[in-house]
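Each chain gets a letter, A, B and so on, in the order its sequence line appears, and its residues count up from 1.
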Amino acid sequence: MLNIELKDGKVLEVAPGTTIAQVAEGISRRLAKEALVARFNGKLVDLNRELNEDGTLELLDASTPEGLDAYRHSSAHVMAQAVKNLFPDTRFGIGPAVKDGFYYDFDTEHVFTPEDLEKIEKEIEKIIAADIPFSCRAVSREEALEFFGEKNEEYKVELINELPDESEITMYTQGEFTDLCRGPHIPSTGKLKAMKLLNLAGAYWRGDEKNKMLQRIYGTSFPKKSELEEYLRRMEEARKRDHRRLGRELDLFTLEEEGPGFPFFLPKGMVLRNELENYMREMYAKWGYEEIRTPIILNRALWEQSGHWDHYQENMYFTRIDEADYAIKPMNCPGCMIVYRHGQHSYREMPIRYAEMGLVHRHEKSGVLHGLMRVRAFTQDDAHIFMLYSQITEEIKNVIRMVDEVYRIFGFSYNVELSTRPEKAMGDIALWDKATDDLRQALEELEIPYVVNEGDGAFYGPKIDFHLEDSIGRTWQCGTIQLDFQMPEKFDLTYIGEDGQKHRPAMIHRAIFGSIERFIGILIEHYAGAFPAWLAPVQVRVMSISENNSRYVQELTDRLKAAGIRAEADDRNEKIGYKIREAQMQKVPYMLVAGDKEMEAGAVSVRRRGEGDLGVMPSGDFLERILGEIRERQQ
RNA sequence: GCCAACAUAGCUCAGUAGGCAGAGCGUCGCCAUGGUAAGGCGGAGGUCACCAGUUCGACCCUGGUUGUUGGCUCCA
């Protein structure tokens with residue numbers, strides 16, 4: 001008999017050869033029904049696996065990440081099977097589970113249409129109804145190559161050839177369909193309860209633009225119909241808070257055909273921008289920064305010196321002035337290097353922190369533009385910090401603390417990535433290693449969880465990136481901290497040390513919003529357009545009940561404005577319900593209703609967005625309340 | 001840049017067999033003077049993204065261009 005230890009510590013005795021599914025059956029009917037895959041002695045396995053050694057066993061259902069992953073990966077296989085049935089000449093790429101669903105890449109002459117997705121869904125239903133078991137078979141490399149080679153599955157052959165020598169090669173079969181796959185899979189297709197194909201996309205084979213573009217079908221699947229419906233409903237809700245839609249509805253910004261990727265900020269959007277910049281300037285003062293501004297157009301020699309001419313040219317815009325080459329800046333660094341170089345610096349001044357709200361232009365490929373999130377002209381809340389080598393770790397930690405303080409004001413949660421040396425890097429490897437270690441050390445000393453993004457650094461240095469989520473869960477890089485030993489070298493920057501000699505300073509680039517445009521995009525979706533009072537383009541709308549109150553409404557509005565509040569009067573000849581509705585849809589935080597009653601009492605009736613009628617209060621009390629709220633930058 | 005889809009009034013969207021272009025919201029005017037999410041009536045508003053082609057005739061069919069959307073690659 002074998003001793004099988006369960007997750008709760010209970011030990012079962014089972015006969016050798018018993019399958020995991022049978023073990024589950026023995027424990028409870030519910031487990032037998034819901035378990036999808038298992039972890040045996042630390043390894044993920046199928047439920048039909050026979051137990052032939054002692055070990056620890058954990059049964060995984062769809063509530064576990066591994067279970068859900070197997071469920072969705074199996075869904076991908078079923079979709080592939082359906083595609084194979086309907087379009088037999090199709091060849092297969094890969095089909096993994098991803099966040100919120102799965103995809104599979106196909107190579108076929110036939111170009112899939114949205115109608116095809118419906119047909120494929122019907123075919124999927126048939127496969128699920130037939131409840132076909134997934135079976136696994138380990139094969140030799142030769143056998144696998146022969147099997148897929150005969151079917152002209154060039155992509156599978158490529159994958160097999162690249163598998164390391166010692167790896168076990170397995171093939172999974174459900175019915176007529178066999179796929180190269182590591183597994184594990186769920187026991188049978190009948191376990192799939194709620195599947196939906198979502199969209200079609202092109203995707204390069206192995207994510208390399210030099211390769212052929214395959215057709216990718218995205219789908220999702222859930223253990224319950226209700227969960228699928230809930231997911232679709234959530235996505236629909238998320239679309240309502242899409243910043244492109246809200247940007248239009250709230251008159252914040254516009255993108256026009258005349259300037260693809262070059263956003264126009266409307267008056268209300270400009271208020272938002274300015275509030276963010278004002279806030280950031282307060283942060284500059286608090287954290288010891290001095291603000292500078294450098295030119296947008298600078299000559300070719302500068303860009304050659306900085307390395308951008310060689311490393312960044314395809315992203316730059318150029319112009320000519322008096323027969324000489326100039327470039328529009330894609331980054332602020334070189335300008336800032338000149339500012340540093342302009343004067344003499346002593347070790348006593350360090351660290352020197354130069355901040356710049358720098359407008360940069362980058363030629364982004366047409367297909368990547370996305371509302372405010374990815375544009376061709378944007379303003380970075382940039383800063384370059386020059387310091388002694390001994391100050392690096394502490395300074396990086398300071399920046400991380402500052403980022404945290406800023407994100408906290410908006411109630412953001414963020415994730416942190418450490419990006420290391422890319423292939424197209426400048427400078428020597430020892431410096432890169434030192435820089436990367438410094439960044440890592442700062443993160444570890446502050447106990448910030450992070451993931452490493454190998455090869456994703458900038459061409460001049462490694463970086464810590466802060467990523468924020470949009471409404472549908474896509475993440476966007478916003479804050480960044482980059483340690484750069486190259487730029488001070490290239491520009492021969494020095495300071496005079498204690499010893500009276502010239503020394504090379506270390507430098508950090510950092511941005512907290514990242515790009516003000518992108519940050520606004522994220523903010524719009526984060527708040528669904530309902531900004532806290534300090535950010536709201538219109539903070540108060542004062543509404544009259546009838547024409548009698550028009551003058552009072554004007555006076556109130558003027559008084560609010562005089563106190564620095566963004567107030568608007570609405571004394572139009574409309575019913576109060578209509579005015580409320582409109583202010584509510586414009587997501588104005590405070591709506592003041594002023595009728596005869598209020599007018600006589602010198603009071604206002606206060607309605608708060610999201611909270612409703614707060615009752616009547618003296619207008620002075622209201623003023624105090626909102627001023628406090630704005631001053632505190634309350635959420 | 002690549003794959004696919006889409007582009008009709010300020011916005012959201014109908015529309016046709018290839019034969020005078022439609023709604024709701026918004027806007028403007030008039031009436032109604034009102035109490036916390038839409039009062040009533042009327043008017044204006046369109047080179048159907050752009051350029052070619054096919055046709056007696058093109059918003060509709062074909063080709064191209066531009067832009068947008070979803071992805072891929074790339075990235076703040």
Verify the neighbour count for atom CZ of Arg239(A): are there more than 12 heavy atoms of other residues, nucleotides or ligands below 6.0 Å? yes

Lys196(A), NZ: over 12 other non-hydrogen atoms inside 6.0 angstrom: no

Has the side chain of [X] got a donor or acceptor that lies under 3.5 Å from a partner of the other kind on the base of [N]?
| X | N | value |
| --- | --- | --- |
| Glu598(A) | G35(B) | yes |
| Arg374(A) | C74(B) | yes |
| Asn548(A) | U33(B) | no |
| Tyr204(A) | G71(B) | no |

Expressed in angstrom and rounded to an integer, what is the separation of [X] atom [atom1] from [N] atom [atom2]?
| X | N | atom1 | atom2 | result |
| --- | --- | --- | --- | --- |
| Gln584(A) | C25(B) | CD | P | 20 Å |
| Glu257(A) | C50(B) | CD | P | 10 Å |
| Glu256(A) | G67(B) | CD | C1' | 11 Å |
| Ile545(A) | G35(B) | CD1 | C1' | 4 Å |
| Leu200(A) | C3(B) | CG | C1' | 10 Å |
| Asp242(A) | U68(B) | CG | P | 14 Å |
| Asn315(A) | U73(B) | CG | C1' | 13 Å |
| Lys575(A) | G35(B) | NZ | P | 7 Å |

Between [options], which nucleotide has the shortest distance from any of its atoms to the side chain of [X]?
| X | options | value |
| --- | --- | --- |
| Arg518(A) | A76(B), G70(B), U68(B) | A76(B) |
| Gln380(A) | C75(B), A76(B), A37(B) | A76(B) |
| Tyr218(A) | G35(B), A76(B), G71(B) | G71(B) |
| Arg362(A) | A76(B), G70(B), U68(B) | A76(B) |
| Pro260(A) | G67(B), A76(B), U36(B) | G67(B) |
| Met213(A) | C11(B), C2(B), G35(B) | C2(B) |
| Tyr578(A) | G26(B), U33(B), A76(B) | G26(B) |
| Leu369(A) | C72(B), G70(B), U68(B) | U68(B) |
| Glu574(A) | A4(B), G39(B), C72(B) | G39(B) |

Counting the atoms with a prime plus P, OP1 and OP2 as sugar-phosphate, which does [X] contact under 4.0 Å by heavy atoms, base, sugar-phosphate, or nothing?
| X | value |
| --- | --- |
| Asp613(A) | base |
| Lys463(A) | sugar-phosphate |
| Gly595(A) | base |
| Val360(A) | nothing |
| Lys597(A) | base |
| Gly577(A) | sugar-phosphate |
| Arg609(A) | nothing |

Roughly how many Å apart are [M] and [N], using the [atom1] atom of each and rounding to a whole number?
| N | M | atom1 | result |
| --- | --- | --- | --- |
| U54(B) | G67(B) | C1' | 26 Å |
| G63(B) | U55(B) | C1' | 16 Å |
| C59(B) | G46(B) | C1' | 11 Å |
| C48(B) | C60(B) | C1' | 10 Å |
| C41(B) | A23(B) | P | 15 Å |
| U66(B) | C50(B) | C1' | 7 Å |
| G71(B) | A21(B) | C1' | 35 Å |
| C31(B) | G24(B) | C1' | 22 Å |

Look through every strand shown and name the nucleotide pairing with [N] as Watson-Crick or G-U wobble, where both distances are under 3.5 Å.
| N | answer |
| --- | --- |
| C2(B) | G71(B) |
| C61(B) | G53(B) |
| G39(B) | C31(B) |
| G18(B) | none |
| G10(B) | C25(B) |

Please indicate yes or no: is the ring centre of Phe378(A) less than 5.5 Å from the centre of the six-membered base ring of A76(B), with the two planes inclined by under 30 degrees? yes

May I ask you to check whether Glu417(A) and Ser419(A) show a side-chain donor-acceptor distance below 3.5 Å? no

Using a distance-only test with no angle check, is there a side-chain donor-acceptor pair under 3.5 angstrom linking Arg281(A) and Asn278(A)? no

Heavy-atom donor-acceptor pair, Glu364(A) side chain to Val375(A) backbone, under 3.5 Å: no

Hey, does the side chain of Lys156(A) reach the backbone of Gly93(A) with a donor-acceptor pair shorter than 3.5 angstrom? yes

Can you say whether the rings of His308(A) and Phe459(A) are parallel (under 30°), tilted (30 to 60°) or perpendicular (over 60°)? perpendicular

May I ask you to decide if the ring planes of Phe112(A) and Phe87(A) are parallel, tilted or perpendicular, using 30° and 60° as cut-offs? perpendicular

Any [X] side-chain nitrogen or oxygen under 4.0 Å from OP1 or OP2 of [N]:
| X | N | value |
| --- | --- | --- |
| Thr480(A) | A76(B) | no |
| Arg607(A) | G35(B) | no |
| Lys210(A) | C2(B) | no |
| Arg248(A) | G10(B) | no |
| His370(A) | G71(B) | no |
| Arg216(A) | G70(B) | no |

Can you tell me how far the OH atom of Tyr552(A) sits from the OG1 atom of Thr557(A), to the nearest 0.5 Å? 10.5 Å

Rounded at 0.5 Å granularity, tell me how far CZ in Phe410(A) sits from CZ in Phe531(A). 10.5 Å

Hey, which sits more toward the 5' end of RNA chain B by its nearest nucleotide, Gly612(A) or Phe112(A)? Phe112(A)

First of Ile472(A) and Thr113(A) reached from the 5' end of RNA chain B, by closest nucleotide: Thr113(A)

